Asker: 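I'd like to ask some things about the structure below.
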Amino acid sequence: MIIREARPGDEDGIWATLEPVIRAGDSYTLPRDWSREQALTHWLGPAMTTFVAENDARVLGTYYLRANKLGGGSHVCNCGYVVHPGAQGRGIARQMGEHSLKTAAAHGYKAMQFNSVVATNTVALKLWGSLGFRQIGLIPKGFLHPTEGYVDALILYREL
């Protein structure tokens with residue numbers, strides 16, 4: 001598997017990875033009814049540097065890297081990660097997480113912050129904890145889960 005910057009021609013693979021997660025609505029604060037164009041415009045937006053994890057020219061996962069805030073907060077970055085449902089459980093999220101930490105540091109970021117990790121997403125919380133992230137905040141009932149109702153959203157942080 002390789003992880004590289006997204007390029008023209010990756011849209012179908014990125015959409016195939018994003019759509020199930022968007023439709024499920026249980027881990028991302030993205031509208032569940034977004035179209036392909038809306039999702040790709042967001043994920044590949046000008047403020048993002050987007051990456052794909054691929055094997056044999058098939059997208060297995062994708063993540064973006066961006067400044068979390070502008071101006072005086074631009075030294076802290078933010079990322080979002082999605083693994084294709086058919087590729088979950090193979091360590092791809094971990095590899096993308098490790099790649100993003102190295103890439104962020106190489107781009108001069110001093111820290112990485114995740115603004116809204118859904119508290120019911122225990123797999124993600126375990127992964128980010130193992131990569132050195134710590135919880136620095138909690139948004140009580142900050143996420144409307146499609147089956148659990150309102151659940152907490154966590155803010156995670158790690159210095160680079």
Side-chain angles (χ1 to χ4, degrees), residues 1-32 34 36 38-69 73-137 143 153-160:
M1 185 182 80
I2 63 164
I3 300 174
R4 60 165 175 79
E5 278 196 49
R7 57 184 177 234
D10 289 332
E11 295 85 358
D12 288 345
I14 293 171
W15 175 240
T17 302
L18 292 177
E19 184 181 23
V21 172
I22 290 172
R23 300 292 180 244
D26 60 0
S27 61
Y28 264 86
T29 58
L30 301 176
R32 293 176 75 187
W34 257 5
R36 170 189 162 102
Q38 289 169 309
L40 291 175
T41 296
H42 169 73
W43 204 260
L44 298 166
M48 319 281 202
T49 302
T50 304
F51 297 84
V52 295
E54 71 173 8
N55 190 27
D56 293 328
R58 180 173 174 255
V59 174
L60 304 176
T62 181
Y63 82 88
Y64 65 76
L65 171 69
R66 67 176 179 187
N68 195 43
K69 301 291 181 188
S74 63
H75 62 287
V76 178
C77 68
N78 171 258
C79 294
Y81 311 80
V82 178
V83 175
H84 189 281
Q88 291 177 351
R90 296 176 16 197
I92 295 166
R94 173 173 295 282
Q95 289 180 57
M96 290 192 302
E98 291 169 350
H99 185 272
S100 69
L101 291 167
K102 291 176 188 168
T103 302
H107 281 84
Y109 289 107
K110 303 300 182 199
M112 187 177 289
Q113 178 175 314
F114 302 147
N115 300 320
S116 185
V117 180
V118 180
T120 56
N121 192 348
T122 57
V123 172
L125 290 170
K126 182 178 178 182
L127 170 62
W128 302 131
S130 75
L131 290 176
F133 285 84
R134 61 186 172 88
Q135 180 182 328
I136 61 165
F143 184 81
L154 309 176
I155 302 167
L156 304 182
Y157 179 86
R158 182 194 149 155
E159 290 183 12
L160 301 175

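Just so it is clear, the model here is predicted, and its values are computed rather than measured.
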Asker: Passes side-chain contact (heavy atoms from CB on, under 4.5 Å), K69 versus V76? Steps please.
Answerer: CA-CA 7 Å; K69 301 291 181 188; V76 178; over 6 Å; no
Asker: To check you understand the geometry: which heavy-atom pair defines the closest contact between T17 and V83, and what is its length?
Answerer: CG2-C, 3.7 Å
Asker: I want to check something: taking the side chain as every heavy atom from C-beta on, are Y63 and T103 in contact at a cut-off of under 4.5 Å?
Answerer: yes
Asker: Kindly give the heavy-atom pair with the smallest separation between N78 and Q113, and that separation in Å.
Answerer: ND2-O, 2.9 Å
Asker: Once you round to the nearest 0.5 Å, how far does NE2 of H84 lie from CG of L18?
Answerer: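 Those atoms lie 10.0 Å apart.
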Asker: Look at the side chain of H107 and the backbone N and O of Y109, then say whether any donor-acceptor pair between them is shorter than 3.5 Å.
Answerer: no
Asker: Between T29 and F143, is there a side-chain heavy-atom distance shorter than 4.5 Å?
Answerer: yes
Asker: Between CG of L125 and CD of Q135, what distance do you get to the nearest 0.5 Å?
Answerer: 8.0 Å
Asker: So R36 and D12, do their side chains get closer than 4.5 Å, heavy atoms only?
Answerer: yes
Asker: How long is the span from the CZ atom in R134 to the CG atom in L154, to the nearest 0.5 Å?
Answerer: 13.5 Å
Asker: Looking at T62, I2, I3, which one forms a side chain to side chain contact (heavy atoms under 4.5 Å, CB included) with E54?
Answerer: I2
Asker: At their closest point, which heavy atom of P20 faces which heavy atom of A16, and how far apart are they?
Answerer: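 The answer is CD-O, 3.2 Å.
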Asker: Under 6.0 Å from the CD atom of Q38, do we count more than 12 heavy atoms belonging to anything else shown?
Answerer: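 More than 12 within 6.0 Å, yes.
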Asker: Can you tell me how far apart CG (N68) and CG (N115) are? Round to the nearest 0.5 Å.
Answerer: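 Nearest 0.5 Å value for the CG-CG distance: 4.0 Å.
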Asker: Rounded to the nearest 0.5 Å, how far does CG of L156 lie from CD1 of I136?
Answerer: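 So the CD1 of I136 and the CG of L156 are separated by 8.0 Å.
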Asker: Of Y64, F51, W15, which is the lone residue that meets ring-ring contact (aromatic ring centres under 6.0 Å, His included) with W43?
Answerer: Y64
Asker: So W128 and R158, side-chain contact (heavy atoms from CB on, under 4.5 Å) or not? Walk me through it.
Answerer: CA-CA 9 Å; W128 302 131; R158 182 194 149 155; over 6 Å; no
Asker: Are side-chain heavy atoms of V118 and D26 found at a separation under 4.5 Å?
Answerer: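 Answer no - side chains too far apart.
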Asker: Is it the case that the ring center of Y28 lies less than 6.0 angstrom away from the ring center of W34?
Answerer: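 Ring centres of Y28 and W34 not closer than 6.0 Å.
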Asker: Could you tell me whether the side chain of E98 and the main chain of M96 form a donor-acceptor pair under 3.5 Å?
Answerer: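 Not confirmed, E98 side chain does not pair with M96 backbone.
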Asker: Check C77 against A104 and note the closest heavy-atom contact, atom names and distance.
Answerer: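 Scanning both residues completely, I find the closest heavy atoms to be SG-CB, 3.6 Å.
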Asker: So which heavy atom on L60 is nearest to which on M1, and how close?
Answerer: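 Closest approach of L60 to M1: CD1-SD, 4.2 Å.
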Asker: Can you list the steps and then say if L160 with K110 is a side-chain contact (heavy atoms from CB on, under 4.5 Å)?
Answerer: CA-CA 5 Å; L160 301 175; K110 303 300 182 199; 5.9 Å; no
Asker: Show, in sequence, the C-alpha distance, side-chain angles and deciding distance for E11 and L44, and conclude whether the side-chain contact (heavy atoms from CB on, under 4.5 Å) test is met.
Answerer: CA-CA 9 Å; E11 295 85 358; L44 298 166; 4.2 Å; yes
Asker: Which heavy atom of A93 sits nearest a heavy atom of L127, and at what distance?
Answerer: CB-CD2, 3.7 Å
Asker: With a cut-off of 6.0 Å (strictly less than), are more than 12 heavy atoms of other residues, nucleotides or ligands near CZ of R4?
Answerer: yes
